[in-house]
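These numbers were taken from a predicted model, which means no experiment stands behind them. Order of listing sets the numbers, starting from 1, for every ligand and every atom in it. Note that these values count all heavy atoms, side chains included, but never hydrogens, waters or copies made by symmetry.
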Amino acid sequence: MNFSYFMPTKVVCGRDCVTASAAEFAPLGTHALIVTGKSSAKNGALDDVLTALGKNGQRATVFDRVIPNPTIACVREGIALLVSAGADFIVAIGGGSPMDAAKAIATLAVQERSDEEIFAGGYAPAALPMAHIPTTAGTGSEVTPYAILTNDFKETKTSITSPAMFPRVAFLDGKYMKDLPTMSAVNTAMDAFSHAVEGMLSRNATPMSDMLARESLHILYPLLKKTMGETTDEERDKLLYASMLAGMTIAQSGTTAVHGMGYCLTYFHGVDHGRANGLLLGETLRLCREKGVPALSEILAACGDTLEGVCATLDALLGTRENLPEAELSEFARRSAMNKNIKKSAYEPTEKELERIFLASCHTFH
Ligand code: NAP
Ligand code: FE
């Protein structure tokens, strides 16, 4: 029972909450840099934010050039626009990529770092105020203090963090996900699922992070396969809520081996983040059963399924798996063994075990 709990983001949830609760933006500043990709102009989220800011008499400059798996260069471009526009707060709209880019912009705008020092850690708890509007149900980044950026120095993806990276406010409205492509819906749902599961498999799990994870799994697991077809408004709202709960989980526990391994698949093969986790999760859970990890039975109880049932669900979501060369997967195991997330796993897999997971997950036609 020795733990602390910190999650300072105000969550506003419900249909049309961005415009209905426009007053939430007012204390953040006078001029917003809206950090986003291209889809927010089509799904209504950008219009709603501009309407809300307009109601408060706040100015806005749009930076809509965030790319999936944001890079340092993308973050630098956002900071340059922020400075030239004279913006004093940030509104992030989109999936994890715009939300993470926004957190890095908000932090690096007030704490200068050279590119080489960005991943060195030790950030002071200072950042520009942020509001986040997730438009995928996956990362939970709207309630975490992490920004994950492409790290070309180490050829991986690396998180930067500080308590000030928690957004001041997050608006959750599933209506923006109505036209989310099926592949994105499936992949992001696997990311959220992985967060809840890994949170419970973390050395840093607490009674409260476990409570959040169990509730997330309870809602999310029965909806996983539905993401492969048409979902209803209510189902999308639930997916977004469960993704947020999973984000709140990892805000306490961090992610573990699955994310640590998945970054290799994304960095070297462009495998979507959620799919990379989905590919590796089943075999990781089988290893947990072999090692008698106590949290496994709780995870399965929250899902209401057996281990093989969970693996079959993941198989259905994944379809045909990637088939990567054995030598490359051995190299990924070597790299992953040095990843800081691996060390947070309740059972820390050895390099040999990581290799086994990679081979069983992504070397399917041998
Ligand atoms: P994403 O890279 O943000 O978005 C994937 C694609 O979906 C993009 O093409 C995006 O288009 C599109 N899209 C987003 N919302 C849409 C909508 N409502 N309708 C139609 N298209 C939409 O993917 P993501 O899976 O949400 O985020 C992945 C990133 O988050 C990774 O970099 C991962 O490392 C990071 N992550 C962060 C945390 C954290 O705690 N900070 C946790 C897990 C993962 P546009 O972008 O052009 O709009
Ligand atoms: Fe993730």
Looking at [atom], what's its closest protein heavy atom, distance included?
| atom | result |
| --- | --- |
| atom 42 (C) of ligand 1 | T139 O, 3.5 Å |
| atom 3 (O) of ligand 1 | S97 N, 3.0 Å |
| atom 46 (O) of ligand 1 | G37 CA, 3.7 Å |
| atom 6 (C) of ligand 1 | S184 OG, 4.4 Å |
| atom 9 (O) of ligand 1 | P68 CG, 4.4 Å |
| atom 38 (C) of ligand 1 | I148 CD1, 3.4 Å |
| atom 44 (C) of ligand 1 | H273 NE2, 3.1 Å |

What I want to find out is whether [X] reaches [Y] closely enough, with some N-O distance under 4.0 Å, to be called a salt bridge.
| X | Y | value |
| --- | --- | --- |
| K238 | E235 | no |
| D100 | K157 | no |
| K344 | E198 | no |
| R286 | E290 | no |
| R214 | E298 | yes |

Specify whether the nearest protein heavy atom to atom 29 (C) of ligand 1 is under 4.0 angstrom away.
yes
Any protein heavy atom at under 4.0 Å, with atom 40 (O) of ligand 1 as the reference point?
yes
Geometric cation-pi criterion R113 and Y123, 6.0 Å radius, 45° cone
yes
Numbering the atoms of ligand 1 from 1, which are under 4.0 Å from a heavy atom of [X]?
| X | answer |
| --- | --- |
| D191 | 43 (C), 44 (C) |
| P181 | 20 (C), 21 (N) |
| T144 | 39 (C), 40 (O), 41 (N) |
| P98 | 3 (O) |
| Y176 | 17 (C), 18 (N) |
| N69 | 31 (C), 32 (O) |
| T136 | 14 (C), 15 (N), 26 (O) |
| G95 | 3 (O), 26 (O) |

Using heavy atoms and a threshold below 4.0 Å, how should the contact between [X] and ligand 1 be classified: side chain, backbone, both, or neither?
| X | result |
| --- | --- |
| A45 | neither |
| D272 | neither |
| N43 | side chain |
| K38 | both |
| K157 | side chain |
| H195 | side chain |
| D100 | side chain |
| Y146 | both |
| T188 | side chain |

Assess whether atom CD of E116 is packed by more than 12 heavy atoms of other residues, nucleotides or ligands within 6.0 Å.
yes
Under 6.0 Å from the CZ atom of R236, do we count more than 12 heavy atoms belonging to anything else shown?
yes
Does any N or O in the side chain of [X] come within less than 3.5 Å of the main-chain N or O of [Y], such that one atom is a donor and the other an acceptor?
| X | Y | result |
| --- | --- | --- |
| D173 | D16 | yes |
| S361 | F358 | no |
| Q58 | G29 | yes |
| K103 | T144 | yes |

Hey, looking at [atom], which of [options] has the closest heavy atom?
| atom | options | result |
| --- | --- | --- |
| atom 15 (N) of ligand 1 | V66, T255, T135 | T135 |
| atom 16 (C) of ligand 1 | T266, I250, L180 | L180 |
| atom 21 (N) of ligand 1 | S39, G96, A251, G140 | S39 |

Between the side chains of [X] and [Y], is a donor N or O closer than 3.5 angstrom to an acceptor N or O?
| X | Y | value |
| --- | --- | --- |
| Y263 | N339 | no |
| T30 | D88 | yes |
| N151 | T158 | yes |

Parallel, tilted or perpendicular: which one describes the rings of H269 and F332, with boundaries at 30° and 60°?
perpendicular
Please name the atom of D191, restricted to N, O or S, that is closest to the Fe ion (ligand 2).
OD1
Shortest-distance N/O/S atom, H273 versus the Fe ion (ligand 2):
NE2
Applying salt bridge (charged side-chain N to carboxylate O under 4.0 Å, His left out), run through K38 and D64 and close with a yes or a no.
CA-CA 6 Å; K38 299 296 178 203; D64 66 356; 3.2 Å; yes
For F171 together with Y176, are the ring centres under 6.0 Å from each other?
no
